[in-house]
Amino acid sequence: MKTSIALIGFMGTGKTVAGKLLAVKLGKKFIETDSIIEKKAGKSIPEIFREDGEISFRELEIEAIKEAANEKNAVIACGGGMVLNKINIDRLNKESIIVCLTASPQVIIKRTSGNEGERPLLAVPDRAQQIKELMKFRKPYYERLADITINTSGMSVDSVVERIIRKVKDNDS
Ligand code: S3P
């Protein structure tokens, strides 16, 4: 039986905040792939993008997912772009139930405003347009990988976590 839960989905869908609370509630270990990457690289995600480029970041991400995917009894918050590499998908599927968090573009625009500096892909002049384009391109990838999908627009973190717990239980039975 799969003992880990991987949270996937676009930036600003709440993977990190929901993941932390979910891990506490279920008594599982919380892992964030972006943090693994930053620790390994010894620099922040924006610095990696700026100094080494997105391709180097994606290579580090493959290593981070590999490490996280081997963990049992964990909640794994995955970086939003990890679905772009099939190897990540195959690895995550082995031990984890995959929960995709979604939100409307309007909600994502709101949730990610003010911290564009932390997300290099959103540090562009027309952030709204960029979000819409990236979401459109990635949607089929998220849909294909998800065992469970939850739209978090307008929901509190508590309700998102409750819904994840309920749906994971239904998925197991
Ligand atoms: C990215 C999402 C980010 C981070 C990096 C790239 C993406 O993580 O991995 O900036 O390509 O969607 P979050 O989804 O946690 O913001």
Side-chain angles (χ1 to χ4, degrees), residues 4-23 30-69 71 74-89 91-92 96 98-146 148-153 155 157 160-161 164:
S4 289
I5 299 172
L7 300 181
I8 66 162
F10 202 75
M11 295 171 267
T13 51
K15 293 163 290 180
T16 303
V17 269
K20 280 184 183 161
L21 184 60
L22 181 66
F30 177 72
I31 301 172
E32 194 177 26
T33 58
D34 280 349
S35 300
I36 298 178
I37 294 168
E38 290 184 325
K39 235 175 258 161
K40 283 226 168 104
K43 46 187 162 183
S44 68
I45 306 278
E47 281 170 334
I48 300 169
F49 268 75
R50 197 168 53 239
E51 293 167 17
D52 313 314
E54 182 173 350
I55 292 176
S56 296
F57 171 79
R58 296 295 169 205
E59 280 166 6
L60 291 168
E61 187 170 55
I62 287 173
E63 288 312 306
I65 293 276
K66 185 178 179 187
E67 193 178 313
E71 291 277 348
V75 172
I76 307 162
C78 300
M82 73 88 208
V83 284
L84 302 172
N85 281 305
K86 186 166 184 301
I87 185 131
N88 292 335
I89 298 174
R91 284 180 172 149
L92 260 192
S96 304
I98 316 277
V99 178
C100 179
L101 301 184
T102 66
S104 68
Q106 291 74 16
V107 168
I108 305 250
I109 291 165
K110 219 185 264 167
R111 285 190 193 155
T112 57
S113 76
N115 55 12
E116 298 87 347
E118 290 168 24
R119 294 189 168 100
L121 293 179
L122 301 185
V124 295
D126 193 343
R127 203 162 46 88
Q129 183 62 21
Q130 170 82 335
I131 287 171
K132 282 183 195 148
E133 275 171 20
L134 282 176
M135 278 179 89
K136 190 170 170 219
F137 180 77
R138 291 180 180 180
K139 197 166 177 261
Y141 291 86
Y142 293 132
E143 284 175 353
R144 220 171 297 144
L145 178 57
I148 293 164
T149 300
I150 296 169
N151 184 346
T152 68
S153 302
M155 276 174 85
V157 179
V160 171
V161 169
I164 296 172

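Numbers here are sequence positions counted from 1. Since this is a predicted model, take the numbers as computed values, not measurements. Just so you know, ligand 1 is whichever comes first in the structure, and atom 1 is the first atom listed for that ligand.
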* **Best match, E38, M135, M82, R119: closest heavy atom to atom 16 (O) of ligand 1** => R119
* Geometric N/O contact G80 with ligand 1, under 3.5 angstrom -> yes
* Going by the salt bridge (charged side-chain N to carboxylate O under 4.0 Å, His left out) test, which pairs reach into residues 41-52, not counting sequence neighbours? -> K43-E51, K43-D52
* Run the numbers for me: atoms of ligand 1, each under 4.0 Å from some heavy atom of K15, listed by number. => 13 (P), 14 (O), 15 (O)
* Structure fact -> The option among C78, P120, A123 carrying the non-hydrogen atom nearest to atom 10 (O) of ligand 1 is P120
* To do: Please verify whether a non-hydrogen atom of E32 lies at under 4.0 Å from ligand 1.
  => no
* Structure fact -> Residue pairs passing the salt bridge (charged side-chain N to carboxylate O under 4.0 Å, His left out) test with at least one member in residues 118-135, sequence neighbours excluded, are E116-R127
* Asked: For atom 7 (C) of ligand 1, what is the nearest protein heavy atom, given as residue, atom name and distance?
  -> G81 N, 3.3 Å
* Asked: Among protein heavy atoms, which sits nearest to atom 12 (O) of ligand 1, and what does the distance come to when rounded to 0.1 Å?
  -> R138 NH1, 2.7 Å
* To do: Using a strict cut-off of 4.0 Å, indicate which atoms of ligand 1 neighbour a heavy atom of R58.
  => 7 (C), 11 (O)
* Structure fact -> The option among T33, L60, D34 carrying the non-hydrogen atom nearest to atom 15 (O) of ligand 1 is D34
* Asked: Short question: side chain of Y142, backbone of L101 - any donor-acceptor pair under 3.5 Å?
  -> no
* **Side-chain ion pair, K40 and E67, N-O less than 4.0 Å** => yes
* Structure fact -> Result for side-chain contact (heavy atoms from CB on, under 4.5 Å) between I150 and one of V161, V99, T102 points to V99
* Looking only at heavy atoms, which two atoms of A68 and I36 are closest? And how far apart? -> CB-CD1, 4.3 Å
* **Donor on one side chain, acceptor on other, T16 and E32, under 3.5 Å** => yes
* To do: Provide the number and element of each atom of ligand 1 under 4.0 Å from a heavy atom of L121.
  => 7 (C), 11 (O)
